[in-house]
Amino acid sequence: MIEGISIYELLTVTSILFFIGIYGFITRKNLISVLISVELILNAGAVNFVVINKYLYPDVLQGMIFSIFIIAVAAAETALAISIIINLYRKISSVEVRDVETMKY
Amino acid sequence: MNYSLIILIPLIPLAVFLVLGLLNRKIGPAVSGLIGVSGILLSTVLSFYTAYQYFGVVGKVSGAYPTLVESVVWMNFTDTLRIDMGVLIDPISVMMLIVVSTVSLMVHIYSRGYMKGDEGYTRFFSFLSLFTFSMFGLVLATNLFQIYIFWELVGVSSYLLIGYYYTKESAVAAAKKAFIVTRFADLGFLIGILLIGYYTGTYDFGALNDPGGAILSNWAPASFMGLSVLTWGLILIFIGGAGKSAMFPLHIWLPDAMEGPTPVSALIHAATMVVAGVFLVARLFPMYFFVEDGFALQIVAFVGAFSALFAAVIALTQTDIKRVLAYSTMSQLGYMMLALGVSGYEGSEGLGYMSSMFHLFTHAMFKALLFLCAGSVIHAVHSNELKDMGQLRKYMPVTHISFLIAALAIAGIPPFAGFWSKDEILVAVFEHNTFLYGIGILVAGLTAIYIFRIYFGIFWGKNKAYEHSPHESPSSMTFPLVVLAVLSATVGFIPFSSFISPDRTGFEGHIDIPMAIVAVAVALLGLGVAWILYKKESEMVSRLTDRLGVLYTWAHQKFYVDELYLFVTKNILFKGIAAGAAWFDRNIVDGTMNLIGNSTVVLSRKIKGMQSGRVQDYAMAFVSGTVLLAILFIYLWTS
Amino acid sequence: MDILSLFIVFPLLTVLVLLGAKSLKQARLIALAGTIVQVGMSVNLLFAYLRERSVNDEIMLFTRDLVWFKDFNIHYSIGVDGISVALLILTSLVVLAGVFISWKMEELPREFFISLIVLSTGVYGFFISLDLFLMFVFFEIAVIPMFLLIGIWGSGPREYAAMKLTLMLMGASAILLVGILGIYFNSGADGGPLTFNILEIAKVQIPVEAQKLFFPLTFIGFAVIGALFPFHTWSPDGHASAPTAVSMLHAGVLMKLGGYGVFRVAMYLMPEGTLHWSWFFIVLAAFGVIYGAFAAIRQTDLKYINAYSSVSHLGLVLFALLMLNKTAWNGAIIQSLSHGFMTALFFALIGMIYERTHTRDVTRLGGLLKVIPFISATYVIGGLASLGLPGFSGFVAEMNIFVGAFQHPEISYRIASIFAVSAIVVTAVYILRVVGMMLMGPLKENSLTPMERATWYEKAGIFLMLLPIIGIGVAPLWLSEMILQSIQPFIQGVL
């Protein structure tokens with residue numbers, strides 16, 4: 001509970017963060033940028049957990065714990081993604097999204 | 001009557017057929033010939049014994065020959081309709097037994113010589129036995145369906161025997177043609193049986209032919225297009241009979257059937273099977289006579305008369321001796337049909353019926369003889385064509401005399417057999433209809449001309465330089481000729497009318513002297529014409545044919561009936577309907593099925609582009625979907 | 001184990017044993033032994049049936065009922081009457097003949113025989129089930145192995161043929177399933193529980209509106225496999241690509257499921273629907289009879305000729321069923337049997353001819369009677385049987401059908417009947433055409449090389465098919481009486 005700041009303001013911030021992430025995910029051409037956008041989405045989610053926990057159920061801690069989970073998962077996911085991207089780069093010398101669309105039909 | 005002996009008459013040939021058919025290649029020709037001949041000999045003896053029993057021992061019961069029936073149920077259709085298998089003994093079936101067994105025996109003996117050295121010898125005898133079995137079954141049939149069954153079986157034996165030389169293209173075509181044309185006629189027969197069976201509730205000859213019975217006293221259970229359904233049924237059955245008996249316009253198979261071995265032509269296509277149609281009408285004669293006052297019988301008479309004339313004219317122009325005989329057969333069958341068609345029922349009014357059966361009997365003898373003689377000639381000169389023959393009387397005396405007797409018989413010269421029966425026919429026709437009598441007497445003259453035309457052509461005519469000097473046939477072939485010649489000369493003296501008449505009572509037959517004089521005069525006239533034209537080779541023939549011009553060409557081309565059929569079958573049925581059906585099936589019906597399959601494929605090709613493989617496209621679709629759903633839910637929530 | 005369940009269990013046991021087979025020799029011996037036992041079982045069943053029938057006049061004999069899935073009231077419910085017994089014998093004989101004909105199946109023999117026997121299990125099950133759901137399951141079991149058998153062991157455009165056949169039959173199954181469910185959900189019309197049991201449903205009056213809706217669905221669902229025009233096109237392509245034994249089994253047995261299903265399910269359970277729709281399907285069937293015969297005239301591939309002839313002959317089965325009287329029905333059942341034996345015989349012979357001449361094109365063959373007399377003579381006999389010659393089963397069947405059809409006095413039915421009867425001429429044309437071109441006539445190049453005479457196993461297969469054809473044709477009384485008796489309760493249900 002932070003004085004002078006309502007839950008709506010905080011949620012607005014996280015929503016903006018979330019949609020920036022979505023926008024980035026859809027529009028970026030570079031796989032690294034896409035990865036960064038995914039991080040933004042995840043972080044928006046993590047902050048939401050904290051905020052909602054704090055404002056609505058101040059006497060429990062599950063939200064906090066979940067956000068820590070998300071940070072851990074995000075770290076693992078980033079590591080995995082980066083390793084895929086590096087491997088990809090070794091194979092095709094490119095990290096552009098449009099170069100990796102062979103998985104179709 | 002001893003039925004177990006009568007049943008043996010058809011069963012012996014059946015057994016012979018099975019034995020020869022199954023052992024085909026395992027037994028030599030000598031054995032198979034012996035089995036075949038002894039089998040039919042046994043049947044012949046039994047047939048004569050049956051005739052003696054029937055006419056001699058049983059005799060007339062209360063003034064009429066009885067109908068004796070013994071049968072077992074073969075299959076049940078409905079509560080009333082069923083197929084029985086059995087034997088029916090009455091005057092005409094006994095007479096047919098005699099005809100079939102005698103001719104068949106002679107042909108069997110003859111074939112031992114004629115077919116000597118042929119590789120299909122055993123097969124030939126087994127098919128002959130199959131035919132004999134079927135023919136016996138046909139004449140002994142107790143009901144319409146049994147007759148139909150054996151009707152089909154004689155048809156198929158005829159098919160097998162015509163196609164006996166199966167590597168010869170023309171024989172195969174002839175066999176096929178014979179089967180299909182008669183099958184087409186049988187379609188009429190079958191529909192007729194079905195109609196009559198439905199409306200009368202029985203197939204039994206006894207019930208159908210009972211003049212005082214419920215069926216014939218109430219012959220119009222229903223009508224169709226102004227005629228009683230029973231009349232329709234009878235007309236359809238006559239179509240079946242006309243097909244087998246080669247009546248116009250269903251005759252086209254008979255001349256081609258001469259592709260078969262000559263003994264087969266003698267047995268099947270002259271003496272026995274082709275008279276099945278006549279026999280069928282005779283078998284149902286009371287029905288034909290009483291239903292709708294004999295309307296169907298009128299048709300029989302006119303078809304018969306026309307066929308007789310039509311065939312006689314064609315026979316004048318053909319050069320293949322077997323074909324001449326084939327058209328002659330058709331012409332004589334026309335006579336028989338004509339006689340049936342003009343017959344009455346009671347007592348001596350049944351003269352037409354009697355004379356028809358009489359002619360059937362005598363014709364079987366002399367026509368079989370003619371064919372066997374022709375076979376003997378062909379055997380000697382290895383050709384069917386008249387132009388390859390001449391002066392053969394010097395080389396083949398027995399054949400010559402036999403042929404002469406047969407020719408005199410068919411031309412109706414007394415005292416040979418044909419005279420007696422033909423005379424009776426002409427009398428019967430004269431009493432009924434003078435127009436038909438005119439046709440009949442004309443045909444009698446033409447008959448004398450065409451038969452003596454080939455007689456003179458073969459045995460007199462010009463001298464030929466033969467490669468191998470022709471010689472008389474072996475005794476196995478001449479023996480049957482002699483026997484049949486004796487029969488042809490004498491069977492006319494049998495008092496037929498006391499044995500056979502429609503109402504079974506029999507009547508006193510007599511010779512109508514003025515009528516007989518006219519008939520004999522016409523026959524002698526024909527003989528004389530043939531003598532002048534053909535005894536010595538003369539210019540007159542070719543001048544005459546030139547003078548006749550188009551008429552001669554038409555007759556020589558058999559009035560283009562074959563071409564008409566060919567056009568209908570080839571162009572309309574095959575190229576039109578059959579090819580149309582095949583095309584329709586492949587393209588329309590199957591095309592529709594393939595269209596359904598293909599359009600699924602095309603659709604999936606169209607929509608698979610949505611799976612672009614770009615993650616961001618999927619994300620875009622996912623997000624917009626989510627947003628849309630969110631908007632939808634919010635809208636639903638608030639309203 | 002009751003006498004009927006054995007028909008399902010025993011083939012499956014055979015399949016298990018076959019799994020252990022290591023070579024063609026072992027596989028065919030096991031398959032042969034298995035199928036011989038099947039024939040023994042069906043013959044035994046026939047005698048058991050005749051014995052039981054004389055003391056028991058239930059509609060179905062040897063019934064057995066086990067709950068399979070309680071919530072939907074699905075039972076494992078089996079039983080037979082004379083019709084099923086006759087068809088079971090047909091099946092077992094054709095399967096045995098099929099094993100004989102496949103004696104030299106070099107390619108994946110074990111799998112081939114397994115598929116064959118699984119297929120026959122489906123057919124057996126179909127003929128004995130009294131539960132619609134169970135019947136449907138067996139129907140699918142019978143159809144699926146077909147895909148493998150044609151797709152793997154076939155020739156020519158086999159993928160296309162297998163796909164087409166399976167998809168069309170699956171489509172039919174889908175329609176059929178709707179029909180069956182429609183029956184099921186209306187089976188409680190008189191207040192009882194919903195049921196799949198045929199005998200139970202027959203006692204219930206299904207609402208007329210529902211019958212009018214579901215009869216055509218059920219009918220078409222079954223009739224597709226019975227090659228009803230215009231749903232027959234899977235059959236020419238399927239037969240042409242299938243290996244010999246599969247064609248035999250398919251045309252000889254599998255296509256009989258159609259007529260049987262129509263008879264047992266569609267017509268028996270929905271009599272009002274039948275009456276309402278019969279004119280429509282009679283037109284289709286009668287047209288199919290003559291149409292198939294005409295289409296056969298123009299074919300040059302032997303298997304296509306036979307396939308179209310099947311369309312014609314089986315059209316007659318459906319035609320007869322729709323005539324709704326016992327004579328025609330009797331004819332329909334006998335025609336099913338007769339066609340089963342005849343067409344299996346034909347396919348076997350075609351396979352043998354193909355093996356020796358490497359062509360199925362009649363225009364390229366000639367004079368075979370000289371080279372392979374036994375096979376050719378049998379072909380002639382089969383042809384004569386097929387065109388309805390007396391003394392063979394086809395005649396008995398056709399005459400029952402025609403006489404039955406003529407029992408219907410209405411003029412439009414009569415016209416359809418005359419239409420169907422005239423097929424006997426067209427049939428003669430296409431059969432004699434083949435006989436004339438291929439077996440008779442001068443020898444052509446394909447027939448010049450000396451050929452192997454028929455071997456013992458080929459002869460065995462031929463005789464297995466030929467003897468019943470002649471047997472039924474010469475002495476039809478006992479069979480037709482057995483079938484008539486079984487038809488009785490059905491005819492009372494419909495009329």
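Every chain is numbered from 1, with letters handed out A, B, ... down the list of sequences. No experiment lies behind these values; they were computed from the predicted model shown.
For B:L81, the part lying near chain C is the side chain, with the backbone staying farther off; criterion is any non-hydrogen pair under 4.5 Å. The part of B:L190 that comes within reach of chain C is its side chain, from C-beta onward, which places non-hydrogen atoms under 4.5 angstrom from that chain. Contacts between C:L384 and chain B at a heavy-atom distance below 4.5 Å involve the side chain alone, from C-beta outward. Both the backbone and the side chain of B:M75 come within less than 4.5 Å of a heavy atom in chain C. Both the backbone and the side chain of C:K370 come within less than 4.5 Å of a heavy atom of chain B. Proximity to chain B (any heavy atom under 4.5 Å) is shown, for C:S422, by both the backbone and the side chain. Proximity to chain C (any heavy atom under 4.5 Å) is shown, for B:F150, by neither the backbone nor the side chain. Both the backbone and the side chain of B:F584 have a heavy atom closer than 4.5 Å to some heavy atom of chain C.
Counting heavy atoms from C-beta outward, B:I191 and C:F406 have side chains that approach closer than 4.5 Å. Between B:Y165 and C:M440, the closest side-chain pair of non-hydrogen atoms is not below 4.5 Å. Within the 4.5 Å cutoff, side-chain heavy atoms of B:Y203 are placed close to those of C:V403. Looking only at side-chain heavy atoms (C-beta outward), C:F294 and B:L573 come within less than 4.5 Å of each other. Side-chain contact check for C:I297 versus B:F574: some heavy-atom pair is nearer than 4.5 Å. Counting only heavy atoms from C-beta outward, the side chains of C:K164 and B:D590 approach each other to under 4.5 Å. C:L389 places none of its side-chain heavy atoms less than 4.5 Å from the side chain of B:Y159. Side-chain contact check for B:I149 versus C:M399: every heavy-atom pair is 4.5 Å or farther apart.
A cation-pi arrangement, defined by a distance under 6.0 Å to the six-membered ring centre and an angle within 45 degrees of its axis, is absent between B:R586 and C:Y304.
The closest donor-acceptor contact from the side chain of B:T167 to the backbone of C:G441 lies at 3.5 Å or more, if one exists at all. At least one donor-acceptor pair closer than 3.5 Å links the side chain of C:Y291 to the backbone N or O of B:D585. Checking side-chain atoms of B:R183 against main-chain N and O of C:L387 turns up a donor-acceptor pair under 3.5 Å.
Taking a 6.0 Å sphere around CE of C:M170, one finds it holds more than 12 heavy atoms contributed by other residues, nucleotides or ligands.
Within the model, atoms CD1 of C:I418 and CG of B:L187 stand 8.5 Å from one another, a figure rounded to the nearest 0.5 Å. Separating the CD1 atom in B:I577 from the CZ atom in C:R298 is a distance of 12.5 Å, to the nearest 0.5 Å.
Most heavy-atom pairs under 4.5 Å with chain B: of the set C:F402, C:Y308, C:F231, C:F229, this distinction falls to C:Y308. By number of non-hydrogen pairs under 4.5 angstrom with chain B, the leading residue of C:D237, C:I411, C:N330, C:L167 is C:D237. The greatest number of non-hydrogen atom pairs below 4.5 Å with chain B, out of C:V429, C:V421, C:L432, C:V396, is found for C:L432. Per-residue counts of heavy-atom pairs under 4.5 Å with chain B were compared for C:V474, C:L484, C:L439; the largest is that of C:V474.
Of all heavy-atom pairs spanning B:Y148 and C:I424, the tightest one is OH-CD1, 4.1 Å. Smallest separation of non-hydrogen atoms from C:A295 and B:A581: N-CB, 4.0 Å. Heavy atoms only, all atoms of each residue included: B:E152 and C:P390 are closest at CB-CD, 3.3 Å. The heavy-atom pair separating B:F179 from C:A428 by the smallest distance is CE2-CB, 4.1 Å.
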Exercise for the section: In sequence, state the C-alpha distance, the side-chain angles, and the governing distance for C:R414 and B:Y198, and then conclude on side-chain contact (heavy atoms from CB on, under 4.5 Å). Expected result: CA-CA 11 Å; C:R414 193 141 293 173; B:Y198 177 73; 3.7 Å; yes

Exercise for the section: Kindly determine whether C:H232 and B:V589 satisfy side-chain contact (heavy atoms from CB on, under 4.5 Å), including the steps that lead there. Expected result: CA-CA 9 Å; C:H232 63 271; B:V589 181; 4.0 Å; yes

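If you check the side chains of B:N594 and C:Y160, you find a donor sitting under 3.5 Å from an acceptor.
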